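Please read all numbers here as calculations on a predicted model, not as lab measurements.
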Amino acid sequence: MGVGGGTGEAAEASDRNGRRDLQSTIPSAADRNLEVDRRRLEVTLSRSAPRATSGTARRQPAWLAACDTAPQVLPDANGTVPDARLCELPDGFHLRGDAALAWSRLAATYVREFGEEPCMTDGYRDLATQRRLAAIKPGLAARPGTSNHGWGVAVDLCGGIEKFGTTQYEWMTANAERLGWVNPSWARSGGSRPEPWHWEYAAATTGEG
């Protein structure tokens, strides 16, 4: 009987311990309230967090960080634009800051289509360079002091774009204007001076080429 009573007491003790263990795993009302508050805070923070913009055209490349990309006018004499108003592109050519911003968006879209950057052979030209080109290519280069290259708002392109009818040129014709760049009418096929390679920043074209 002593053995049986001991066994019963042990069973009761084990049962009490089990109930205590079970109770310890059940969260209290205070714990439940804290968990609800934590989840509400997470939802609030997630809703207030800034959303990432979509599309690479909205993200500026690192090389634009030091450039003044605000819309500009033409206060400087053609071919004498100060360095502070110019932006250096990755390939070493220069454009006016706002034109460079538009160019970066066009280039990013071009890369998604062709898997490579558009090829460039010329950008901003100072007055001395314009004079030298006019002497080398009389009748082809614009008169010194009148070229849109001299304001940093024109580029000469290659890699297929420099030829009418190529896939690259046709893509540019179909897409460049909505991104701020045009092959001006005089430079198109049938124009007064056909130059498929010559493209201008549409917001600021005033010169001859």
Which value, rounded to the nearest 0.5 Å, describes the distance between [X] atom [atom1] and [Y] atom [atom2]?
X	Y	atom1	atom2	answer
Arg96	Asp76	CZ	CG	9.5 Å
Glu195	Leu157	CD	CG	11.5 Å
Thr69	Asp98	OG1	CG	8.0 Å
Tyr201	Gln72	OH	CD	9.0 Å
Asp122	His198	CG	NE2	10.0 Å
Thr173	Gln168	OG1	CD	11.5 Å

*For Glu177, look at atom CD and say whether over 12 heavy atoms of other residues, nucleotides or ligands are found less than 6.0 Å away.*
no
Counting C-beta onward and ignoring hydrogens, is there a side-chain heavy-atom pair between [X] and [Y] closer than 4.5 Å?
X	Y	answer
Ser104	Pro61	yes
Pro184	Trp199	no
Phe114	Thr167	yes
Asp156	Arg125	yes
Leu127	Pro144	yes
Cys158	Trp197	no

If we ignore hydrogens and angles and just use 3.5 Å, is the side chain of [X] paired with the main-chain N or O of [Y] as donor and acceptor?
X	Y	value
His149	Tyr124	no
Trp181	Arg178	no
Ser147	Ala142	no
Glu162	Gly160	yes

_According to a hydrophobic-cluster definition based on side-chain heavy atoms being under 4.5 Å apart (Ile, Leu, Val, Met, Phe, Trp, Tyr only), do Leu179 and Tyr169 belong together?_
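Yes.
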*asked:* Assess, by modelled atom type and distance only, whether the side chains of Asn78 and Gln130 contain a donor and an acceptor separated by less than 3.5 Å.
replied: yes
_Taking the ring centre of each residue, are Trp171 and Tyr110 less than 6.0 Å apart?_
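Yes: the rings meet the under 6.0 Å criterion.
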*Is there a side chain to side chain contact (heavy atoms under 4.5 Å, CB included) between Leu106 and Met172 once you walk through the steps?*
CA-CA 9 Å; Leu106 172 57; Met172 287 285 290; 3.9 Å; yes
*What are the two closest heavy atoms between Pro138 and Ala135, and how far apart are they?*
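Where Pro138 meets Ala135 most closely, the heavy atoms are CD-O, 3.6 Å.
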_Can you give me the closest heavy-atom contact between Leu89 and Ala100, atom names plus distance?_
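In this case the closest contact between Leu89 and Ala100 is CD1-CB, 4.4 Å.
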*asked:* Under the criterion side chain to side chain contact (heavy atoms under 4.5 Å, CB included), I'd like the reasoning laid out for Leu64 against Cys87: C-alpha separation, chi angles, the key distance, then a yes or no.
replied: CA-CA 7 Å; Leu64 268 177; Cys87 183; 3.8 Å; yes
*Run the numbers on Asn183 and Glu200 for side chain to side chain contact (heavy atoms under 4.5 Å, CB included), then give the verdict.*
CA-CA 6 Å; Asn183 184 214; Glu200 299 177 345; over 6 Å; no
*Trace of the salt bridge (Lys or Arg N to Asp or Glu O under 4.0 Å) decision for Asp68 with Arg85*: CA-CA 7 Å; Asp68 178 6; Arg85 296 184 186 276; over 6 Å; no
*Kindly indicate, with the supporting measurements, whether the criterion side chain to side chain contact (heavy atoms under 4.5 Å, CB included) is fulfilled by Val155 and Trp103.*
CA-CA 10 Å; Val155 295; Trp103 175 255; 4.2 Å; yes
